[in-house]
Each structure stands twice: as C-alpha cells, then as structure tokens.
Colleague: 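This structure is in structure tokens; I'll ask about it shortly.
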There are 2 protein chains.
Amino acid sequence: MQKDTLCLGLLSLGPRSGYEIKQMFEGPLSDFYSLSFGTIYPTLNKLQSEKYVSCKQLSQSKKPDKKVYTITKKGKDLMKENLLGDASAYIRSGNFGDQIKSEFFLLLLFAKYLPEETLETVLNERVLFLQQKLEQFKYDGPVPSDLQALRNEKSITFIRGLATTLIESGLNYMEKNRGKLY
Amino acid sequence: MQKDTLCLGLLSLGPRSGYEIKQMFEGPLSDFYSLSFGTIYPTLNKLQSEKYVSCKQLSQSKKPDKKVYTITKKGKDLMKENLLGDASAYIRSGNFGDQIKSEFFLLLLFAKYLPEETLETVLNERVLFLQQKLEQFKYDGPVPSDLQALRNEKSITFIRGLATTLIESGLNYMEKNRGKLY
DNA sequence: ATTATATATATCAAACTGATATAGATAGCT
DNA sequence: AGCTATCTATATCAGTTTGATATATATAAT
C-alpha cells in the first residue's frame with residue numbers, strides 16, 4: 001500500500017502527530033505493517049503541502065512541541081479513491097499472499113546445518129515466543145487512549161481473531177510435527 | 001537473514017547460477033522470501049572475490065553462457081557460523097513474528113471506506129486466491145529437476161505442511177467470521 | 001550527579017527493489 | 001520471411017526504505 005494512502009487512512013481514525021503514527025505501527029499494527037520515521041515525516045510534509053492534511057503546531061507544557069495532522073475532505077477523497085483503485089492488488093498479499101519474509105522459515109530451511117541441541121533450543125524458544133504473541137492478541141484490557149480508536153475498529157477485532165486462530169494452529173502444528181525436522 | 005548467508009545456504013543445496021537462485025525465490029520459496037537480481041548478482045561476485053564460492057563459466061549450446069557457483073569449504077564454514085550466531089534473532093520473525101507486511105490486512109483495516117459490494121467482492125476473491133494457494137502447497141507432482149533438491153529437504157516438507165495448516169485455518173476463520181466486517 | 005528512558009522531529013548512509021538494458025535463442029502467427 | 005513475444009542469462013541503477021544517529025527537553029531511577 002502506498003505510504004500516502006496508509007498515512008491518510010490512519011489519520012482518518014483521528015488527528016495524530018508523526019510520532020503517534022509511529023506508535024501505532026509499534027503497538028497494535030506491529031505484526032502487520034510498519035513505516036519508519038524516515039518515511040512518515042516526509043510523507044506528512046508532502047501531504048500537507050498538497051492540502052490532503054492540515055497541521056496544527058501544539059505547544060505542550062511538559063513535552064516537546066508536536067505537529068498534529070488532520071485529514072481534509074480532499075485527503076479523504078484521495079484515500080477512498082486509492083483504496084478502491086488498489087483493492088484488487090492487495091488480495092494477493094501477505095500471510096499467505098505473495099511474501100512473508102520469514103527469517104524463521106529460512107532458518108528451518110537450513111536446519112540441518114545447526115547442531116541438534118541448537119535446533120531443539122530454537123524450536124522451544126519459538127514455541128514460547130508464539131505463546132507470548134498469543135497472549136498479546138488475546139489480551140483485552142485497557143490501552144493508551146489514543147490507541148483505543150484503533151482497538152474499537154470492527155476490522156481490528158476481525159484481524160485479531162484471525163491472528164489468534166493462525167498462531168494457535170501454527171503452535172499446534174509445530175508441537176505435533178517438530179520431529180520431522182530431525 | 002544476511003543475503004550472504006542466504007545465498008550460501010541455497011548454494012549448499014547444489015551448484016547454481018544467479019538466474020537459478022532467482023528461480024528458487026520465484027518458485028518454491030516465493031511465499032517465504034525473495035531477493036532481486038540487483039542483490040543476487042553483486043552478492044555472488046562478492047562471495048566469489050572472498051573465496052566463499054568458486055565459479056565456472058559454462059557455454060551452453062542453445063542458451064546464453066551462465067556462471068555456475070559452487071560453495072567452498074570456507075563458504076560452508078561461514079554459513080554455519082552465521083546461522084548459529086543469528087539463530088536466536090530469527091526466532092522472533094515473520095508469520096507471527098515481527099512483521100507480516102500484509103497489504104490485505106491494511107485493506108481490511110480501512111474496509112469501512114469501501115462500498116459494501118466492493119468489500120464483498122474483495123473477500124470472495126481473497127477466499128478464491130487462498131484456495132488456489134492451498135492447492136499449490138498440497139500439489140506433490142513433478143517439479144523442474146534443479147528444484148527437486150529443495151523439494152526433497154526435510155525442512156521444506158515441514159514448512160509446506162505448516163503453510164497448508166495456516167491457510168486452511170485462515171480460510172475457515174474468514175468463512176465463519178466475515179460477517180463481522182459489515 | 002549520572003544514567004536511562006520518553007516525547008518529538010528530522011536527516012542520511014547503506015541496502016534493496018523494480019525497472020531497464022543487453023543479447024542470443026526459440027516459438028507462434030500472418 | 002518478417003514480426004512479436006517469451007525465455008534464458010547477466011548486469012546496472014534511480015528511487016525508495018530502513019536503521020541509525022542527531023538534536024532538544026523532561027522525568028525517573030540509581
């Protein structure tokens with residue numbers, strides 16, 4: 001997805017600063033996508049200069065100033081147009097679409113070059129790690145207020161449920177079939 | 001995973017040209033990882049100049065010349081060293097690890113901006129697409145001989161099985177819960 | 001006092017991709 | 001025979017993106 005469309009989409013959930021957009025990528029979106037500051041800040045500047053977002057400079061008492069961006073009518077129109085135009089391309093992506101870029105799968109591919117006890121440790125730690133992920137996805141407690149907007153999206157509920165299901169069946173498969181790697 | 005380690009790993013399965021390594025990424029590895037020609041060719045040149053691989057220029061009668069690379073003892077040692085050293089980092093990656101980069105999940109996140117009939121089409125096509133993927137992973141027929149080496153790896157059997165399981169439970173979830181998106 | 005951490009924006013070298021260039025061969029169509 | 005398309009094969013490069021670093025202020029912990 002174009003960085004422009006993505007930033008507009010996140011701003012459509014409510015006004016935010018670049019730093020806060022990054023926090024979304026590191027929090028609730030961290031398993032699905034990310035953009036770096038090096039992409040976010042130039043994108044917001046470009047969107048502002050082309051009037052897709054407006055910007056208010058806020059002086060905060062105990063924190064540095066921040067620039068809060070709000071999506072404009074023009075920006076919402078562009079976002080909708082881009083989503084519609086590119087929807088068909090996104091059907092074939094990620095999490096069994098084109099690419100997963102899984103370093104873990106690559107490591108398994110070359111598992112025969114690891115000492116057996118290393119492989120054992122690796123698989124044990126992977127299981128632990130996935131169990132932790134599962135807890136994270138299942139956790140329904142309070143989140144920082146500026147992230148609650150995301151949490152409340154119907155689509156986030158759907159995606160969290162899907163992620164939970166996928167991790168559970170992956171864990172199950174690993175526990176039943178890890179013997180095949182030796 | 002470092003491109004060096006990855007290329008050495010693929011060459012450890014048998015001597016290959018840069019073009020043939022790319023074919024692996026576009027064939028049996030396409031759902032898990034990829035590198036472009038712009039990365040593969042410079043990497044092979046660097047590995048050769050540092051004696052991690054040797055190179056034979058082959059004149060072919062009906063095709064362009066090709067450079068076939070073979071991993072050396074020094075190269076195999078480096079590969080094993082790197083795999084061991086980085087193994088713990090790869091435990092927390094992809095397919096529920098750090099990042100999926102799923103354009104499809106992003107599209108769902110903004111599903112409310114799509115007309116209802118578009119969303120319906122998108123979900124239907126995603127189901128069809130995943131069903132096709134499932135067939136691909138289940139297919140056990142003949143593959144080009146230079147890719148058979150990969151197919152025969154124990155780890156590939158494990159990973160294909162895992163992918164099949166994940167797609168199946170993902171499909172199942174989507175069919176049962178798609179109503180939650182409207 | 002010092003170190004660590006958090007908020008906040010900005011920049012940049014290094015890495016990587018996607019596209020394009022080059023070149024010989026084959027295959028199908030008219 | 002000529003034309004277009006596609007495949008094998010290597011190479012290069014502009015444009016994009018990341019990961020790291022710089023800058024600045026403030027709080028919390030040791």
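None of these values were measured; they are calculated from a predicted model.
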Colleague: Rounded off to whole Å, could you give me the CZ-to-P distance for the B:Arg16 and D:dT10 pair?
Modeller: 13 Å

Colleague: Search all heavy atoms of A:Pro15 against all heavy atoms of A:Val68 and return the closest pair with its distance.
Modeller: CB-CG1, 3.8 Å

Colleague: Would you mind telling me which residue lines up with the more 5' stretch of DNA chain D, B:Gly38 or B:Lys101, judged by nearest nucleotide?
Modeller: B:Gly38

Colleague: So which heavy atom on A:Leu6 is nearest to which on A:Phe25, and how close?
Modeller: CD2-CZ, 3.7 Å

Colleague: Between B:Ile40 (CD1) and C:dC16 (P), how many Å, whole number?
Modeller: 12 Å

Colleague: Please check the phosphate of C:dA15 (OP1 and OP2 only) for any side-chain N or O of B:Lys46 closer than 4.0 Å.
Modeller: no

Colleague: Just the rounded figure in Å: distance from P of D:dT18 to CD of A:Glu26.
Modeller: 12 Å

Colleague: Has A:Ser17 got a side-chain N or O lying under 4.0 Å from the OP1 or OP2 atom of C:dT7?
Modeller: no

Colleague: What are the two closest non-hydrogen atoms of A:Leu123 and A:Leu108, and how far apart are they?
Modeller: CD2-CD2, 4.1 Å

Colleague: With respect to the side chain of B:Asn45, which nucleotide from D:dT8, D:dA11, C:dT7 is positioned closest?
Modeller: D:dA11

Colleague: Starting the side chain at C-beta, find the nucleotide from D:dT8, D:dT18, C:dT9 nearest to A:Lys66.
Modeller: C:dT9

Colleague: Among C:dT9, C:dT17, D:dA9, find the nucleotide with the atom closest to the side chain of B:Tyr41.
Modeller: D:dA9

Colleague: Over 60° means perpendicular and under 30° means parallel, so classify the ring planes of A:Phe32 and B:Phe105, tilted if in between.
Modeller: perpendicular

Colleague: Once you apply a heavy-atom cut-off of 4.0 Å, does B:Gly18 come out as touching a base, just sugar-phosphate, or nothing?
Modeller: sugar-phosphate

Colleague: Could you tell me whether the side chain of A:Arg160 and the main chain of A:Tyr139 form a donor-acceptor pair under 3.5 Å?
Modeller: yes

Colleague: Whole-Å distance between D:dC13 P and B:Phe37 CZ?
Modeller: 17 Å

Colleague: Of the candidate nucleotides C:dT7, C:dT9, D:dT12, which contains the atom at the shortest distance from the side chain of B:Pro42?
Modeller: D:dT12

Colleague: Taking both distances under 3.5 Å as the test for a Watson-Crick or G-U pair, what stems of at least three pairs does DNA chain C have?
Modeller: C:1-30 with D:1-30

Colleague: Describe the nucleic acid contact of B:Lys22 in one word from base, sugar-phosphate, nothing, applying a heavy-atom distance below 4.0 Å.
Modeller: nothing

Colleague: Need to verify one output field. Residue with the more 5' nearest nucleotide on DNA chain D, B:Val68 or A:Lys3?
Modeller: B:Val68

